[in-house]
Number of protein chains: 2
Amino acid sequence: MGKLQKSIDKRNALVKATIELVNNNGFHATPMSKIAKMAKVSPATIYLYFENKQDLVNKTYIEVKAKYTKYAFSNYDETMPVEVGFKLIWNRIADFKLKECENAMFLAQCDNTPMIDEVSRQEGIKHLQPLLDLWERGRQDGIIKPLSDYLLYAYAINPLSFLMMIQKRGVFKLDKVHLEEAYQSAWSSIKVCQ
Amino acid sequence: MGKLQKSIDKRNALVKATIELVNNNGFHATPMSKIAKMAKVSPATIYLYFENKQDLVNKTYIEVKAKYTKYAFSNYDETMPVEVGFKLIWNRIADFKLKECENAMFLAQCDNTPMIDEVSRQEGIKHLQPLLDLWERGRQDGIIKPLSDYLLYAYAINPLSFLMMIQKRGVFKLDKVHLEEAYQSAWSSIKVCQ
DNA sequence: TATAAAAAAATGAATGTTCATTCTTTTTTT
DNA sequence: AAAAAAAGAATGAACATTCATTTTTTTATA
């Protein structure tokens with residue numbers, strides 16, 4: 001195995017350990033020493049890859065966010081009709097939140113916490129543009145309500161975070177039927193009523 | 001001022017300081033010493049009122065959650081028609097999230113973080129019953145979609161947390177018009193389409 | 001190709017700080 | 001005068017980060 005690959009593996013192991021430990025204990029209760037142990041690395045080695053703990057968590061956030069948006073748009077292209085495109089993206093996001101639960105949990109925690117730098121937060125938002133473009137198209141065609149992107153996100157996408165969270169907490173199990181119902185609610189909340 | 005009142009004041013000051021500091025720095029970065037300083041009390045005094053830091057934050061959570069639900073239902077009574085009752089409660093919750101921003105932020109952070117004991121979390125949920133009863137009535141009358149309470153909460157209420165969060169972050173200002181739009185989206189997402 | 005010197009990467013232990021909690025003393029209330 | 005409440009300082013543990021060594025990898029030479 002090449003030196004470069006080994007470096008990449010080590011870095012990935014650190015990021016993965018960070019996600020898992022922060023999910024279970026929160027940022028404040030995950031010492032660098034535990035992250036190191038879980039990644040099978042010396043604590044000192046972390047500092048060869050990241051400046052410090054804050055940098056580690058910022059970079060982890062940005063990477064997970066990038067993975068999220070890449071996943072969300074993987075089978076979308078902008079020539080699709082608005083409703084088709086939205087359904088596609090919505091389902092991919094739902095998939096991500098339910099299948100890539102660790103990653104999604106981590107994002108939820110970062111997004112509701114002063115754990116992350118404002119700069120990294122901004123960096124993370126960038127890649128959502130295709131969805132915003134789709135909405136703009138929908139508004140112009142009179143298919144989607146003329147609401148701010150924030151409102152549309154709040155009603156069409158954000159509820160999935162809540163559902164993922166309670167599902168993870170074990171109090172509720174989201175099955176195929178629920179998912180279809182959730183989609184209908186999401187779409188109802190932003191579509192123009194005929 | 002009586003001894004009891006003085007005790008209450010001191011305890012309230014501690015709870016208030018906890019909320020403010022945790023909002024700004026997160027649980028991990030708010031030392032007991034800072035909480036004590038902000039509440040104008042010796043660090044040792046905190047331990048006369050709370051067992052330890054975890055207990056302080058658990059109790060704070062439960063109190064804020066109780067305040068939230070009390071606020072939400074203050075002008076609701078269960079003889080109201082479903083749609084009227086829902087609008088009333090929704091608006092009170094919106095008010096709380098926007099006017100009692102510190103409290104709402106604190107709850108959002110607690111709800112997306114392993115900061116709080118599972119026991120305290122359960123304790124906090126209890127008081128939401130009137131809303132669940134209203135929804136049950138709405139489902140039976142064919143006014144509200146036959147969805148699980150979790151789904152209804154995810155679409156009708158939870159988006160307000162997201163909107164509060166981004167508003168607090170300064171990236172978006174929620175005005176009267178937005179609020180009415182938000183209500184329409186919330187209601188659209190859970191009402192049965194005629 | 002084999003070997004050794006140099007460079008890079010990785011390590012475990014050490015350092016200094018921060019912090020939750022407790023202890024002893026002082027102040028306030030009864 | 002006794003009891004209760006509060007205080008500030010002390011304690012000891014946990015932790016992020018750095019330091020001095022060791023191990024691994026690369027490069028240069030024969």
Side-chain angles (χ1 to χ4, degrees), chain A residues 1-61 106 109-110 113-117 120, chain B residues 1-61 106 109-110 113-117 120:
Chain A
M1 187 165 43
K3 175 199 115 176
L4 181 64
Q5 187 54 47
K6 228 164 130 185
S7 267
I8 293 172
D9 289 349
K10 213 164 268 192
R11 211 192 111 107
N12 285 344
L14 284 168
V15 166
K16 188 157 180 286
T18 302
I19 294 168
E20 187 170 335
L21 289 167
V22 169
N23 276 349
N24 291 323
N25 314 308
F27 180 83
H28 77 284
T30 58
M32 294 296 259
S33 57
K34 266 198 200 167
I35 295 173
K37 191 168 286 175
M38 182 172 273
K40 299 208 175 112
V41 138
S42 152
T45 304
I46 301 180
Y47 292 85
L48 300 174
Y49 292 82
F50 302 95
E51 277 172 52
N52 50 38
K53 193 179 178 184
Q54 185 63 56
D55 183 53
L56 166 60
V57 87
N58 283 341
K59 295 235 168 87
T60 300
Y61 173 75
F106 182 77
Q109 193 168 164
C110 291
T113 279
M115 194 170 108
I116 297 292
D117 280 352
S120 306
Chain B
M1 186 165 46
K3 175 198 118 179
L4 182 63
Q5 187 54 48
K6 227 166 129 184
S7 267
I8 294 172
D9 289 350
K10 214 166 268 191
R11 211 192 111 107
N12 285 342
L14 283 168
V15 167
K16 189 157 180 286
T18 302
I19 294 167
E20 186 169 336
L21 288 168
V22 169
N23 276 349
N24 291 323
N25 315 307
F27 181 83
H28 77 283
T30 57
M32 294 296 259
S33 56
K34 266 196 199 168
I35 295 174
K37 190 167 287 174
M38 182 171 274
K40 297 204 175 114
V41 137
S42 152
T45 303
I46 301 182
Y47 292 85
L48 300 174
Y49 291 83
F50 302 93
E51 279 173 51
N52 50 39
K53 192 178 178 184
Q54 185 63 55
D55 183 53
L56 167 60
V57 86
N58 284 340
K59 296 235 168 86
T60 300
Y61 173 75
F106 183 76
Q109 193 168 165
C110 291
T113 278
M115 196 169 108
I116 297 292
D117 281 351
S120 306

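Lettering follows sequence order; numbering is per chain, from 1.
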Worksheet item: Do A:V22 and A:T60 have side-chain heavy atoms sitting under 4.5 Å apart?
Response: no
Practice prompt. Rounded off to whole Å, could you give me the CD1-to-P distance for the B:I8 and D:dA5 pair?
Written response: 14 Å
Worksheet item: Which pair of non-hydrogen atoms, one from A:S33 and one from A:P43, has the smallest distance, and what is that distance?
Response: CA-CG, 4.5 Å
Practice prompt. Specify the separation, in whole Å, of atom NZ of A:K37 and atom P of D:dA14.
Written response: 12 Å
Worksheet entry | Between P of D:dT17 and CD1 of A:I46, the distance in whole Å | 10 Å
Worksheet item: Whole-Å distance between D:dT17 C1' and A:L56 CG?
Response: 14 Å
Worksheet entry | Reading 5' to 3' through nucleotides 14-20 of chain C, protein heavy-atom contacts under 4.0 Å coded B for base, S for sugar-phosphate only, - for none | -----SS
Practice prompt. Check the distance between C:dT22's P and B:E51's CD and give it to me in whole angstrom.
Written response: 11 Å
Discussion item. Give me the atom names and distance for the closest heavy-atom approach of B:A29 to B:N25.
Written reply: CB-O, 3.4 Å
Worksheet item: Going by heavy atoms in the side chains, are A:F106 and A:V15 under 4.5 Å from each other?
Response: no
Worksheet item: Has B:Y49 got a side-chain N or O lying under 4.0 Å from the OP1 or OP2 atom of D:dA5?
Response: no
Item to complete: Please give the nucleotide sitting opposite D:dA13 as a Watson-Crick or G-U wobble pair, both distances under 3.5 Å, or none.
Response: C:dT18
Worksheet entry | Qualifying ring-ring contact (aromatic ring centres under 6.0 Å, His included) pairs with a residue from residues 29-49 of chain A, counting only residues at least two apart or across chains | none
Discussion item. Is any side-chain heavy atom of B:Y61 closer than 4.5 Å to one of B:T18?
Written reply: no
Item to complete: Would you mind reporting whether B:F27 and B:T113 have side-chain heavy atoms less than 4.5 Å apart?
Response: no
Practice prompt. Give a yes or no on whether A:K53 atom NZ has more than 12 heavy-atom contacts from other residues, nucleotides or ligands under 6.0 Å away.
Written response: yes
Heteroatom pairs (N/O) under 3.5 angstrom, protein to nucleotides 7-12 of chain D:
unit_1, atom_1, unit_2, atom_2, d
D:dA7, OP2, B:S42, N, 3.0
D:dA7, OP2, B:T45, OG1, 2.5
D:dG8, N7, B:S42, OG, 3.0

